[in-house]
Peer 1: 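Sharing a structure below in structure tokens format, with a few things to ask.
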Amino acid sequence: LKRTLLEMPHAQDADKIFFEYMVIPSVNDSREDAIALGVFMDGFRAKVNLISFSAPEGSPLPTANRDDVDRFWTYLREQGITCFSRISKGQNIQASCGQLATEGRTIGRT
């Protein structure tokens, strides 16, 4: 994936690539995870958009709160990675990140 992205036209231009990163507490939000993301991003002039995971009903994964995202944001900034965090929207209609569900059942699951 990295090689292919680096070969894309304008891959080295500022503001051309955004990496979307869904923060899931205790799964991918540690300092080590931030370092691994930094290693992957080496060679890119890119930015990271942090997205809070919002667990659908019955999910074994926890919902990310603002503190989880802010902590991971700090880890990335310590490495000099430009990052932003999105405000979660759509939770009231089960449409925020991770919540594509209908009548208590996650789409794609049986």
Peer 1: Should K47 and C83 count as side-chain neighbours, where that means a heavy-atom distance under 4.5 Å?
Peer 2: no
Peer 1: What's the separation between atom OH in Y21 and atom CG in D33, rounded to the nearest 0.5 Å?
Peer 2: 4.5 Å
Peer 1: Nearest heavy-atom pair of A64 and P25: which atoms, and what distance?
Peer 2: CA-CG, 3.5 Å
Peer 1: Taking the side chain as every heavy atom from C-beta outward, state whether F53 and S59 have any pair of such atoms under 4.5 Å apart.
Peer 2: yes
Peer 1: Could you pull out the closest heavy-atom pair between N28 and I24, with the gap in Å?
Peer 2: OD1-N, 2.7 Å
Peer 1: Kindly determine whether R66 and S52 satisfy side-chain hydrogen bond (donor to acceptor under 3.5 Å, both in side chains), including the steps that lead there.
Peer 2: CA-CA 8 Å; R66 189 80 215 158; S52 301; 5.3 Å; no
Peer 1: Does a side-chain heavy-atom distance below 4.5 Å link V48 with F18?
Peer 2: no
Peer 1: For the hydrophobic clusters of this structure (ILVMFWY residues joined by side-chain heavy atoms under 4.5 Å, transitively), does one cluster hold both V23 and F40?
Peer 2: yes
Peer 1: Quick check on the hydrophobic clustering: are I81 and L6 connected, directly or via other members, by side-chain heavy-atom contacts under 4.5 Å?
Peer 2: yes
Peer 1: Do L5 and F44 have side-chain heavy atoms sitting under 4.5 Å apart?
Peer 2: yes
Peer 1: Measuring from E32:CD to Y75:OH, what's the distance to the nearest 0.5 Å?
Peer 2: 8.0 Å
Peer 1: To the nearest 0.5 angstrom, please state how far the CZ atom of F19 sits from the CG atom of N49.
Peer 2: 12.5 Å
Peer 1: Is a side-chain donor or acceptor of S30 paired with a backbone partner of S26 at a separation under 3.5 angstrom?
Peer 2: no
Peer 1: Would you find a donor on one side and an acceptor on the other, under 3.5 Å apart, between the side chain of T63 and the backbone of A55?
Peer 2: yes
Peer 1: State plainly whether one hydrophobic cluster holds both M22 and V27, where clusters connect Ile, Leu, Val, Met, Phe, Trp and Tyr through side-chain heavy atoms under 4.5 angstrom apart.
Peer 2: yes
Peer 1: Grab the two heavy atoms, one from V69 and one from S85, that are nearest each other, plus how far apart they are.
Peer 2: CG1-CB, 3.6 Å
Peer 1: For the atom pair CE (M8) and CZ (R3), what is the distance rounded to the nearest 0.5 Å?
Peer 2: 14.0 Å
Peer 1: Can you find a heavy atom in the side chain of L76 that is under 4.5 Å from one in the side chain of T82?
Peer 2: no
Peer 1: Got a donor-acceptor contact below 3.5 angstrom from the K2 side chain to the D42 backbone?
Peer 2: yes
Peer 1: Rounded to the nearest 0.5 Å, how far does CH2 of W73 lie from CD of E78?
Peer 2: 10.0 Å
Peer 1: So how far is it from R71 CZ to D29 CG, rounded to the nearest 0.5 Å?
Peer 2: 5.0 Å
